[in-house]
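Notes for the one structure printed next.
Note that ligands are numbered from 1 as they come in the structure, with each ligand's atoms numbered from 1 the same way.
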Amino acid sequence: KKTLRLILGDQLNSQHSWFQTADDTVTYVMMEIRSETDYTSHHIQKVVGIFAAMRAFATELQSKNHRVIYLNLSDDDNLQSFDKNITHLVSQHRFTHFEYQFPDEYRVDIILKQLCESLSITSNSVDTEHFFTTRNELGDFFKGKKTFLMESFYRAMRKKHHVLMEDDQPLTGQWNYDSDNRKKLPKEHKPVAPLVFDNDVSAVYDEISKTNIKTIGYINPQNFVWPVNRAQSLALLDFFAIKCLPFFGSYQDAMSPNEWSLYHSRISFSMNLKLLSPKEVIYRVTTEWKSRVHEIEFHQVEGFVRQIIGWREYMRGIYWNKMPEYAKLNFFDHQEKLPEWFWTGKTKMNCLKDAIHQSLHYGYAHHIQRLMVTGNFALLAGVHPDEVDAWYLGIYMDAFEWVEITNTRGMSQFADGGILGTKPYVSSATYIDKMSHYCGSCFYKKGLKTGEKACPFNSLYWDFYDRNEAKLSSNPRIGMMYNIWRKMKTEDKISLLNQADYYLKNINEL
Ligand code: FAD
Ligand code: DLZ
Ligand code: SF4
């Protein structure tokens, strides 16, 4: 028997049972290919980071005596897609059996299933041994339900995996501390400086530069800040547990100019590549809390645990339950394009300028920037969800479709009409000002609704509710906004709608 095993670029899990013993009859293959670099325009740091991590992983496997075939992007015999390369390798090396780990993306799942049918040898697929849940677990949990409430899933996960529990009760008696986790950063508070790495990824970068791969964003290949191996990923997790955890919950929704990561962990890239497992992340963080229980408040830890065993697993479950239909949903029938400044950051809107700049510079923005700044704006402006998805799928280091599309199309754009969220996440300047220090130094005035200096969020907000009244007014969580809108004087409504219309027509000049 001669086995070929495929390792995808986001399957760099050295703890996987595949790798426990080296076996001469097994060969692993990893490949840098155009089908993956070109399915969207990725951030240059994302492509470089994934390739650098893939190369480091292949070297690590070889050092442990595993046989590895590694196809570099510019190798002559690289046929640039999973199926072509594997078909070729199978016949070239006379493999008798092919295996892969379940991919996280629907598209790749189909490709690999079809490949196996076309191969003349036997094949098999195995779990990635990464997530807490299986692909179908959430679907089974919510069987027969129209809406999938995250909170009930999260509580079930806490119980099942016994995280922050005392017998079958939540530690402290309370499940949810969201209300403690909405603080603005105090003016004088200087957050910890983020831990960044100093990787030289010039070799990978030079190879990519020689091709015509279309990328977005900036890179400094001599000082690449993201982790590219497990040791660095573990160091980032340590840094988070020691320095950031004590403030994580309190400031998880806070935003501040020039503070690109605040107390966020920035481990999503490592976790999505499977360099870190969510189980070890939960263990590390809850252990840190237990060892500093008088210093670290419970809500800081609960807020973090909720993201990992709640939101992350929940999004994945929705993805496998609703794909492929999910990728076509457009509840509001939005058709607009994203403003051009989404690719440059050249806008006078301070909050958007900052969120887009840091996305271009780091391939990173934290959750509230994604949801309540860029996402909020795209939704209010009526941008087609395909456009919004393409931008998010490209620009972030951690963007893989299973977690990108559910967050973007679902949570942020409400294009699923409420499978995942109970109401659209939209706001006027009030929310952004409440959670950030952006408005004070902005060209636009947060308190103005009309006129040259009026914050665009203010009129676009009412315009959104007005044009979607038929779809939203019966939603019990929104009814109050329609009461306010209906009671507004007609002339005030008209000037708000005119202002919004002007901004929408001149969206590239904002
Ligand atoms: P932290 O704030 O430190 O949180 C810790 C971890 O919790 C994250 O690493 C992540 O794994 C998990 N997490 C937190 N929120 C979510 C969530 N809503 N869904 C899934 N996991 C979550 N996350 C991605 O990993 N990839 C994406 O492509 C992605 N696209 C997004 C698009 C939009 C429009 C929005 C609103 C959110 C998106 N998220 C995405 C979720 C979240 O914003 C990121 O996981 C987070 O910002 C990553 O940074 P961090 O590691 O510092 O997170
Ligand atoms: C995102 C990405 C990129 C840019 N390049 C590669 C690649 O060249 N080879 C590879 O195996 N994987 C890459 N990936 C990650 C894949 O797109 C990812 O494995 C699938 O989307 C499944 O989640
Ligand atoms: Fe953003 Fe409006 Fe505040 Fe400017 S005034 S930072 S555009 S919310």
At the 4.0 Å heavy-atom cut-off, does F51 count as touching ligand 2?
yes

Does R34 have a heavy atom less than 4.0 Å from any atom of ligand 2?
no

Would you compute the distance between atom CH2 of W343 and atom OG of S359 and round it to the nearest 0.5 angstrom?
12.0 Å

Any N/O/S of C442 under 2.8 Å from atom 4 (Fe) of ligand 3?
yes

Geometric N/O contact [X] with ligand 1, under 3.5 angstrom:
{"X": "S412", "result": "no"}
{"X": "I267", "result": "yes"}
{"X": "S268", "result": "yes"}
{"X": "H264", "result": "yes"}
{"X": "T408", "result": "no"}

[X] near ligand 1, heavy-atom distance under 4.0 Å?
{"X": "Y314", "result": "no"}
{"X": "Y396", "result": "no"}
{"X": "Y425", "result": "no"}
{"X": "Y364", "result": "yes"}

Please report which non-hydrogen protein atom sits nearest to [atom], along with the residue it belongs to and the distance in Å to one decimal place.
{"atom": "atom 5 (S) of ligand 3", "value": "Y444 O, 3.7 Å"}
{"atom": "atom 23 (O) of ligand 2", "value": "D10 OD2, 2.6 Å"}
{"atom": "atom 3 (Fe) of ligand 3", "value": "C439 SG, 2.3 Å"}
{"atom": "atom 12 (N) of ligand 2", "value": "G9 N, 3.3 Å"}

Looking at C455, which atoms of ligand 3 are within less than 4.0 Å of one of its heavy atoms?
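By the 4.0 Å cutoff, the relevant atoms are 2 (Fe), 5 (S), 7 (S), 8 (S).
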
Can you check whether H42 has an N/O within less than 3.5 Å of an N/O in ligand 2?
no

Check F248 against ligand 1 and report side chain, backbone, both or neither, counting heavy atoms closer than 4.0 Å.
side chain

Under 2.8 Å: N/O/S of C351 next to atom 2 (Fe) of ligand 3:
no

Which of these, K274, M30, E36, Q80, has its nearest heavy atom closest to atom 3 (C) of ligand 2?
E36

Among I50, I33, L112, D104, which one puts a heavy atom closest to atom 1 (C) of ligand 2?
I50

